[in-house]
Amino acid sequence: MSEKRVYIANTGGTIGMQAGADGYRPAPGYLARRMAGMPELHAEEMPEFVIGEFDPLLDSSNMAPQDWMRIGRPVLEQWDEFDGFIVIHGTDTMAYSASALSFALDGITKPVIFTGSQIPLIEVRSDARTNLVTALQIAARFPIPEVCLFFGDRLLRGNRSTKVSAGGFDAFESPNFPPLGLAGVDLEVRSDLVRRPHRGAADTPKRPHFTEVRPAEVIALKIFPGISREILRNALQPPTEGVVLETYGVGNAPEEPELLAVLAEATARGVVVVNCTQCLYGTVDMDDYAPGSALGRAGVTCGRDMTSEAALTKLVYLLSLDLGVDEVRRRMSLNLRGELTEKASA
């Protein structure tokens with residue numbers, strides 16, 4: 001695979017950190033130096049790679065929407081020069097960034113794969129080596145036209161991923177969609193699950209369209225027993241534009257007239273409220289129970305089986321397109337990048 005070329009965008013994260021007086025911190029230039037000295041990355045069966053580095057490098061807990069754009073811009077600028085792209089990222093907000101890039105980069109025809117590690121590369125028992133080697137091989141060998149996340153032994157659709165473990169090497173899951181690939185003795189990619197690439201004139205690959213998202217006033221709010229009208233009203237006050245409402249089970253919330261009135265008032269003045277379940281597995285169906293139906297009558301939009309990360313970043317993306325509120329709501333319930341399973345027609 002030596003003729004293949006992969007661009008690596010190093011944003012920071014645990015994988016390239018070094019220990020300091022106050023704990024691990026990203027170290028400029030360190031990851032590139034370590035990778036240059038790893039024989040397995042320069043073997044004949046590995047692609048050529050070029051590393052671009054954030055300045056400054058970020059712990060992923062410091063990531064913000066403007067940093068999603070800093071990831072996407074160099075990918076777009078170097079699109080024609082490389083066969084695939086790797087994004088080195090911290091694990092804490094990796095699912096947010098992978099989801100955001102899946103929406104911002106529309107029409108990709110090459111793999112964009114997020115990866116990182118739970119233990120820094122400098123440590124002896126690090127998961128970084130396997131994640132790096134495997135992500136590079138997948139990016140070079142498989143023309144997957146998706147934003148993905150590789151961690152442990154699984155290749156996941158980026159906007160279906162969520163972090164489920166703070167200390168395990170299997171830190172990410174895709175609760176409501178199967179892995180796109182598995183890394184065992186062989187690298188296996190489920191081509192039947194991979195989304196088909198967009199094609200241009202004469203069936204030739206085209207450059208993706210990149211949307212610069214603007215800072216949007218969106219929040220995630222978890223329903224809990226005893227949530228008060230005042231808490232809900234305060235959360236929905238201007239400048240709030242959108243809310244990911246994390247509800248019980250299949251999309252239920254307390255069927256209290258005062259709470260429903262607050263939601264109805266907010267949606268009537270243009271706040272987009274998206275109903276997502278607190279459950280790791282399953283989907284929202286607001287027709288199953290009376291409390292869910294009441295939310296629908298209050299103007300709440302069904303988020304189906306989207307992760308909270310996908311729903312929030314999708315809201316930011318759609319609000320950046322300057323669409324009308326009704327169109328944002330309509331598109332929130334549509335499957336744009338494989339992020340949700342649409343309800344089957346009766």
Side-chain angles (χ1 to χ4, degrees), residues 1-18 27-54 57 71 74-89 94 98 108-158 169-170 172 179-191 193-194 197 204-205 207-208:
M1 290 198 298
S2 57
E3 74 279 4
K4 298 287 188 176
R5 302 183 75 230
V6 174
Y7 180 82
I8 300 175
N10 178 21
T11 72
T14 297
I15 194 169
M17 288 186 178
Q18 291 182 295
Y30 171 74
L31 182 63
R33 292 194 298 272
R34 290 287 296 188
M35 290 177 66
M38 293 172 60
E40 60 268 42
L41 294 181
H42 305 279
E44 185 176 348
E45 60 267 32
M46 295 298 294
E48 176 189 350
F49 59 87
V50 174
I51 301 176
E53 187 172 274
F54 263 34
L57 292 169
I71 298 170
V75 169
L76 186 68
E77 290 166 1
Q78 316 245 18
W79 187 258
D80 296 328
E81 307 301 319
F82 293 91
D83 300 287
F85 299 84
I86 301 291
V87 180
I88 303 295
H89 198 288
M94 189 186 294
I108 66 174
T109 54
K110 303 173 184 180
V112 178
I113 302 176
F114 281 73
T115 195
S117 68
Q118 292 281 61
I119 300 177
L121 185 59
I122 193 173
E123 303 294 344
V124 173
R125 200 179 61 85
S126 173
D127 54 329
R129 294 170 183 82
T130 297
N131 287 346
L132 277 173
V133 168
T134 309
L136 275 164
Q137 288 192 326
I138 293 173
R141 285 177 53 182
F142 299 95
I144 302 167
E146 295 207 34
V147 176
C148 305
L149 188 155
F150 180 81
F151 215 91
D153 60 355
R154 289 177 291 182
L155 180 71
L156 311 177
R157 177 169 292 159
F169 288 160
D170 51 350
F172 291 88
L180 297 178
L182 296 174
V185 173
D186 298 313
L187 294 179
E188 301 177 359
V189 171
R190 290 277 306 273
S191 58
L193 298 177
V194 173
T204 56
R207 291 172 61 84

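For the single chain, residues carry numbers from 1 onward in sequence order.
With sequence neighbours left out, Glu123 forms a side-chain hydrogen bond (donor to acceptor under 3.5 Å, both in side chains) with Tyr24.
For the pair Thr109 and Pro143, the minimum side-chain heavy-atom distance is 4.5 Å or more. Side-chain contact between Leu121 and Met38: present, with at least one pair of heavy atoms (C-beta onward) separated by less than 4.5 Å. No side-chain heavy atom of Thr14 sits under 4.5 Å from any side-chain heavy atom of Ile119.
Between Phe151 and the options Asp170, Asp127, Thr134, a side-chain contact (heavy atoms from CB on, under 4.5 Å) holds for only Asp127. For the side-chain contact (heavy atoms from CB on, under 4.5 Å) with Cys148, the lone residue among Ile113, Val87, Val112, Val194 that qualifies is Ile113.
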Item to check | Worked verdict on Phe49 versus Lys4 for side chain to side chain contact (heavy atoms under 4.5 Å, CB included) | outcome: CA-CA 8 Å; Phe49 59 87; Lys4 298 287 188 176; over 6 Å; no
Next on the checklist: Using side chain to side chain contact (heavy atoms under 4.5 Å, CB included), reason through Leu155 and Phe142 one step at a time and then give a plain yes or no.
Outcome noted: CA-CA 12 Å; Leu155 180 71; Phe142 299 95; over 6 Å; no
Next on the checklist: I'd like to know whether Tyr30 forms a side chain to side chain contact (heavy atoms under 4.5 Å, CB included) with Ile122, so could you lay out the CA-CA distance, the side-chain angles of the two residues, the decisive distance to 0.1 Å, and finally the verdict.
Outcome noted: CA-CA 9 Å; Tyr30 171 74; Ile122 193 173; 2.9 Å; yes
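If you take CZ on Phe114 and NE2 on His89, they are separated by 5.5 Å, rounding to the nearest 0.5 Å. Summarising the geometry, atom CD belonging to Glu48 is positioned 7.5 Å from atom CZ belonging to Phe82; distances are rounded to the nearest 0.5 Å. Between the CD1 atom in Ile51 and the CD1 atom in Ile86 there is a gap of 11.0 Å [rounded to 0.5 Å]. Gln18 CD to Leu31 CG: the interatomic distance, rounded to the nearest 0.5 Å, is 10.5 Å. Rounding to the nearest 0.5 Å places CG of Leu76 at 14.0 Å from CD1 of Ile71. In this structure, the separation between CZ on Arg207 and CH2 on Trp79 is 9.0 Å, given to the nearest 0.5 Å.
The backbone N or O of Leu132 lies less than 3.5 Å from no partner atom in the side chain of Thr115, so there is not a single donor-acceptor pair. Between the side chain of Thr11 and the main chain of Ile88, a donor-acceptor pair closer than 3.5 Å is present. Although no hydrogens or angles enter the test, the distance criterion places no donor-acceptor pair under 3.5 Å between the side chain of Lys110 and the main chain of Phe85. Judged purely by atom type and a 3.5 angstrom limit, Arg157 uses its side chain to pair as donor or acceptor with the backbone of Leu193. Of the possible polar contacts, none joining the Asn10 side chain to the Phe54 backbone as a donor-acceptor pair under 3.5 Å is found. At distances below 3.5 Å, at least one donor-acceptor pair connects side-chain atoms of Arg5 with backbone N or O atoms of Glu81. Between the side chain of Glu146 and the backbone N or O of Gly158, no donor-acceptor pair lies under 3.5 Å. Judged purely by atom type and a 3.5 angstrom limit, His42 uses its side chain to pair as donor or acceptor with the backbone of Ala36.
Closest approach of Pro111 to Asp83, counting heavy atoms only: CD-O, 3.7 Å. In this structure, Glu40 and Met46 approach most closely via the heavy-atom pair O-CG, 3.1 Å. Looking at every heavy atom in both residues, Ile8 comes nearest to Met35 through CD1-CE, 3.6 Å. The two residues Gly12 and Leu57 come nearest to each other via the heavy atoms N-CD2, 3.8 Å. Smallest separation of non-hydrogen atoms from Leu187 and Ala183: CD2-CB, 3.6 Å. Between Ala128 and Ile15, the shortest heavy-atom contact is CB-CG1, 3.5 Å.
The salt bridge (charged side-chain N to carboxylate O under 4.0 Å, His left out) analysis of residues 182-191, with sequence neighbours excluded, yields the pairs Arg190-Asp192.
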